[in-house]
Amino acid sequence: MKGRILNIQKFSIHDGPGIRTTLFMKGCPLECRWCHNPESIGYERDIMIDIEKCSSCGSCARLCAYDALKMVEVPEGKVLVKDKNLCIGCGKCEVYCINEAISIVGRDMEVEDVIGELLKDRLFYEESGGGVTISGGEPLVQADFTAKILKKLKEEGIHTAVDTCGQVPFENFEKVMEYTDLFLYDLKIGDERKHLEYTGASNKRIIGNLKRLSEAGAEITARMIMVDGVNTEDEDIEKAIGILVETDISKINILPYHNISNHKYRKLGKSYNEEGMTVPSGKRMEEIKEMLEEKGYEVAIGG
Ligand code: SF4
Ligand code: SF4
């Protein structure tokens, strides 16, 4: 069975306990305005073009047998334009470009090949109390593939974590629960209208799944990304607490938003709308941490 992978990142220390390898899957049902991995959102393969490296030589456009790349005349000269709908992801242009200006994101890998890659770092997992985290994108969009990976890892005695946005049918959770030691569950915005505005979807299913997962006895750490202008006011935190008190969750990671991903949006040919979103101050992060700790939660900034 094949799954569509974005990346396998080694030596991660922010995706669960210990030293971990993080398997990033392609495809996400949400489109958060602040997403720092925009190349993970679409399930289809994407072409990323670094215009600062591209010399407009046109070689890749001549090479592509599927007309997915074209040189287009503009007043300043020529620019490379992509049509990702025509691209089949063969990767030839990526290899051919001597300036390394192109990258194809998304590759299909067999379960066995992914497992082989993940097991290479077993020693680091064992020595640090770490393991493997499956993230995305949203790993439970490809729940059957994710379940197979998790099952094999458990057979090898490796700690497993799933980093999820929660916006999938609950049956997808049921497929992986047995093999998942820890869920890192994103709780982005408590207010439904704002959630819809900033992520493109209501939070009803996400909250419902969180409660059901907790009732089922899963180990869960809530992860709350903090974006000034969106969800860092006292009333936002109180709304989040109102959701969390209906679960058995005791651990929360609060993660400050950062706006360092503009270059990725440019490479994808997307615009990054950061209007109304700013990075919360260290002081505000500490205040939020205290608010949550006063309610009895174990809170870490980052992680
Ligand atoms: S991406 Fe590379 S091969 Fe394609 S036009 Fe630019 S420099 Fe040439
Ligand atoms: S990956 Fe293959 S199909 Fe896609 S643009 Fe490059 S050469 Fe064309």
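Keep in mind it's a predicted model, so treat the numbers as computed, not measured. One-based numbering, in listed order, for ligands and for the atoms of each.
Near Cys60, meaning under 4.0 Å from one of its heavy atoms, ligand 1 places the atoms 1 (S), 3 (S), 4 (Fe), 5 (S). Every atom of ligand 1 is numbered from 1 in the order shown, and the set under 4.0 Å from a heavy atom of Ile102 is 1 (S). Against a heavy-atom cut-off of under 4.0 Å, Asn99 is close to the following atoms of ligand 1: 7 (S). In summary, the atoms of ligand 2 found under 4.0 Å from a heavy atom of Gly91, numbered by their order in the structure, are 1 (S), 2 (Fe). Within ligand 2, counting atoms from 1 as listed, the ones closer than 4.0 Å to a heavy atom of Leu69 are 5 (S). Heavy-atom proximity to Tyr66, at under 4.0 Å, picks out these atoms of ligand 2: 3 (S). Near Leu80, with a cut-off below 4.0 Å to any heavy atom, the atoms of ligand 1 are 1 (S), 4 (Fe). Short contacts between ligand 1 and Gly58, defined as distances under 4.0 Å to a heavy atom of the residue, involve ligand atoms 5 (S), 8 (Fe). Of all atoms in ligand 1, listed by their number and element, those nearer than 4.0 Å to a heavy atom of Ala101 are 1 (S).
When Cys93, Ala65, Cys64 are ranked by how near their heavy atoms come to atom 8 (Fe) of ligand 2, first place goes to Cys64. Evaluated by nearest non-hydrogen atom to atom 3 (S) of ligand 1, the leading choice among Cys54, Cys57, Ser56 is Cys57.
Applying the salt bridge (Lys or Arg N to Asp or Glu O under 4.0 Å) test between Glu39 and each of Arg45, Lys264, Arg266 identifies Lys264 as the sole match. Of the candidates Pro256, Ser281, Pro280, Pro280 is the only one forming a side chain to side chain contact (heavy atoms under 4.5 Å, CB included) with Asp228.
Scanning the protein for heavy atoms near atom 4 (Fe) of ligand 2, the closest one is Cys87 SG, 2.5 Å. Here the protein heavy atom with the shortest distance to atom 2 (Fe) of ligand 1 is Cys97 SG, 2.3 Å.
Among the atoms of Cys90, an N, O or S atom is found under 2.8 Å from atom 2 (Fe) of ligand 2.
For Arg20 and Thr133, the side-chain atoms include at least one donor-acceptor pair closer than 3.5 Å. With 3.5 Å as the limit, one finds a donor-acceptor pair spanning the side chains of Asp163 and Ser135. Counting only N and O atoms by type, the side chains of Gln9 and Thr21 include no donor and acceptor under 3.5 Å apart.
At a 4.0 Å heavy-atom cut-off, ligand 2 touches Ala68 through the side chain alone.
Between Phe11 and Phe124, the angle of the ring planes goes over 60°, which puts this pair in the perpendicular group of the 30/60° scheme.
No cation-pi contact links Arg33 to Tyr198, judged by a cut-off of 6.0 Å to the six-membered ring centre and 45° from its axis. Cation-pi contact between Arg4 and Tyr43: present, with separation from the ring centre below 6.0 Å and deviation from the ring axis of at most 45°.
Between Asn209 and Phe173 there is a side-chain heavy-atom pair separated by less than 4.5 Å. Looking only at side-chain heavy atoms (C-beta outward), His159 and Leu182 come within less than 4.5 Å of each other.
Residue Ile88 places a heavy atom under 4.0 Å from ligand 2.
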